[in-house]
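Report on the following structure.
Chain identifiers are assigned alphabetically (A, B, ...) following the order of the sequence lines, protein sequences preceding nucleic acid strands; residue numbering begins at 1 within each chain. Source: prediction; values computed, not measured.
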Amino acid sequence: MLRFGLCCLFKEEAITFRTTTAKVLLIVPRDRQLLKLSEICLHNALNLKLSLETVQRLGIGAFRIMSPLFPRMTHPEIGYSLNILPDGETISSILEACRLFAADQQIRLSFHPDQFVVLSSPHPAVVANSIKELQYQAMLAKMVGADVINIHAGGVYGDKQAALLRFSDIYNCLPESVRSRLTLENDDVSYTPEDLLPFCKEHSIPLVYDVHHHRCNPDNLTVEEATEQAGATWKSLGREQHCHISSPKAGWGSGSPRPHADFIDQGDIPECWLNRVMTVDVEAKAKELAVVKLREDVCVILGLS
DNA sequence: GCATGTCAAGTTGTG
DNA sequence: CACAACTTGACATGC
């Protein structure tokens with residue numbers, strides 16, 4: 001059975017996540033920084049719990065947790081750990097409650113570090129920051145029980161194979177908490193499923209197949225072939241496949257198809273997905289409304305409503 | 001109060 | 001060569 005996932009935020013539900021900036025924190029003393037960060041982390045932990053309860057109520061089966069749940073945690077000057085925050089213990093206990101709730105309700109949790117995490121970069125400082133960020137997300141993933149930390153292969157720098165070789169050197173040195181969760185996703189400008197599949201097989205890294213990116217940045221594989229072959233990278237590890245879907249805001253005609261629409265167009269749902277067991281993250285601006293609608297649409301298509 | 005510009009970080013493609 | 005697109009809002013600032 002398909003399960004659909006919500007990405008990070010809600011449109012109509014009264015759930016918010018707070019953040020702050022290094023610039024503002026740096027003008028106050030350390031104890032004031034930690035106080036403010038503690039309030040924000042506590043707020044975000046409580047709202048993560050509320051998010052999980054809400055997706056459960058809406059029949060949504062997966063949730064992507066926003067990267068800055070604990071804002072600026074790995075910043076070189078602001079960085080902190082939970083145990084030095086005034087409310088650190090409370091925050092930890094709320095994350096533990098999230099883990100138990102998600103496990104009990106079978107809500108699959110994932111992370112998607114943003115574009116600054118680049119393991120294929122030729123710049124050592126970029127890679128070092130990326131590893132720090134991945135360790136932070138692995139810590140969160142462990143606390144809440146998330147099994148996926150999904151990233152892109154990064155830049156090409158004129159030579160994809162050389163870039164992937166740099167990636168694998170770094171990958172082999174990552175801590176187990178990161179390696180056991182790390183997945184690769186085809187992107188919409190550089191790396192296609194065909195580029196990544198041999199690499200994923202060789203290193204036993206699951207491939208998150210983004211069908212919208214594949215349509216924006218196609219290769220010789222059909223959607224059916226890419227779905228099946230990406231699925232094999234999960235199956236060989238005994239894990240449930242994870243995919244992404246979105247629809248182009250401007251349609252498939254003139255103009256860039258890359259920006260995401262509010263909802264998923266029924267015509268964009270691959271038919272071969274309908275009877276698979278897998279998680280599909282819905283990348284749509286209308287957030288939970290789009291996930292609920294897609295789920296209803298698929299139920300109608302399958303005659304289950 | 002409300003509108004607006006800013007925010008740690010990378011890479012690519014466009015204007 | 002500079003800047004927007006990825007994705008995206010929340011928040012600080014200034015009127």
Could you list all N or O pairs between the protein and nucleotides 3-5 of chain B that sit under 3.5 Å apart?
none

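- Using P as the reference atom, dA4(C) and dT6(B) are 11 Å apart when rounded to the nearest Å.
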Each nucleotide of nucleotides 9-15 of chain B classed B (base within 4.0 Å of a protein heavy atom), S (only sugar-phosphate) or -, in 5' to 3' order, makes BBSS---
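- For residues 128-142 of chain A, the set of pairs meeting the side-chain hydrogen bond (donor to acceptor under 3.5 Å, both in side chains) definition, not counting sequence neighbours, comprises Ser67(A)-Gln137(A), Thr74(A)-Glu133(A), Glu133(A)-Gln137(A).
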Pairs of donor and acceptor atoms involving the side chains of residues 8-15 of chain A, under 3.5 Å and at least two apart or interchain, shall be tabulated with distances.
{"residue": "Glu13(A)", "atom": "OE1", "partner": "Arg57(A)", "partner atom": "NH2", "Å": "3.1"}

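- At least one side-chain nitrogen or oxygen of Lys36(A) sits closer than 4.0 Å to the OP1 or OP2 atom of dA12(C).
- Straight-line distance from the CG atom of Leu26(A) to the C1' atom of dT6(B): 15 Å, rounded to whole Å.
- Whole-Å rounding puts the His43(A) NE2 to dC11(C) C1' distance at 12 Å.
- When ring centroids are compared, His214(A) and Tyr209(A) come within the 6.0 Å threshold.
- Atoms CD1 (Ile27(A)) and P (dC11(C)) sit 16 Å apart, rounded to a whole Å.
- With side-chain heavy atoms closer than 4.5 Å counting as contact, directly or through intermediates, Leu100(A) stands alone and belongs to no larger hydrophobic cluster.
- As rounded to whole Å, 12 Å separates atom P of dA8(B) from atom CG of Leu37(A).
- Between Asp147(A) and Arg108(A), at least one side-chain N (NZ, or NE/NH1/NH2) sits under 4.0 Å from a carboxylate O, which counts as a salt bridge.
- In summary, the side chains of His43(A) and Thr16(A) do present a donor paired with an acceptor at a separation below 3.5 Å, with no hydrogens or angles considered.
- Nucleotides dC6(C) and dC7(B) have their C1' atoms positioned 16 Å apart, rounded to a whole Å.
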Just the table, please: protein N/O against nucleotides 8-10 of chain C N/O, every pair under 3.5 Å.
{"residue": "dT8(C)", "atom": "OP1", "partner": "Lys287(A)", "partner atom": "NZ", "Å": "2.9"}

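- Residues passing the side-chain contact (heavy atoms from CB on, under 4.5 Å) test with Glu89(A), sequence neighbours excluded: none.
- Between Asp281(A) and Arg64(A) there is a salt bridge, since a side-chain N of the basic residue sits under 4.0 Å from a carboxylate O of the acidic one.
- Relative to the ring axis of Tyr157(A), Arg166(A) places its NZ or CZ within 45° and under 6.0 Å from the centre.
- dA8(B) and dT13(C) have their P atoms separated by 13 Å, with the value rounded to a whole Å.
- Partners of Glu176(A) under the side-chain contact (heavy atoms from CB on, under 4.5 Å) rule, at least two apart in sequence or in another chain, are Arg179(A), Ser180(A).
- Under the rule for a salt bridge (charged side-chain N to carboxylate O under 4.0 Å, His left out), Asp210(A) has no partner lying at least two apart in sequence or in another chain.
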Cut-off 3.5 Å, no hydrogens considered: what does the side-chain donor-acceptor table look like for residues 112-119 of chain A, sequence neighbours left out?
{"residue": "His112(A)", "atom": "ND1", "partner": "Asn150(A)", "partner atom": "O", "Å": "2.7"}
{"residue": "His112(A)", "atom": "NE2", "partner": "Glu185(A)", "partner atom": "OE1", "Å": "3.1"}

Parsed dot-bracket for DNA chain C after applying the Watson-Crick and G-U rules with both distances under 3.5 Å and | for other-strand partners is ||||||..|||||||
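- Rounded to an integer number of Å, the gap from Ile151(A) CD1 to dC6(C) P is 21 Å.
- Residues meeting the side-chain contact (heavy atoms from CB on, under 4.5 Å) test with Val127(A), sequence neighbours left out: Ser121(A), Ile131(A), Ile170(A).
- Remark: the separation of the C1' atoms in dT4(B) and dT8(C) is 16 Å, to the nearest Å.
- Residues Arg99(A) and Glu96(A) are paired through a salt bridge, judged by an N-O separation under 4.0 Å between the basic side chain and the carboxylate.
- Annotation: dA5(C) and dG9(C) have their P atoms spaced 14 Å apart (nearest Å).
- Comparing the same atom, C1', in dA10(C) and in dG10(B) gives a spacing of 23 Å after rounding to whole Å.
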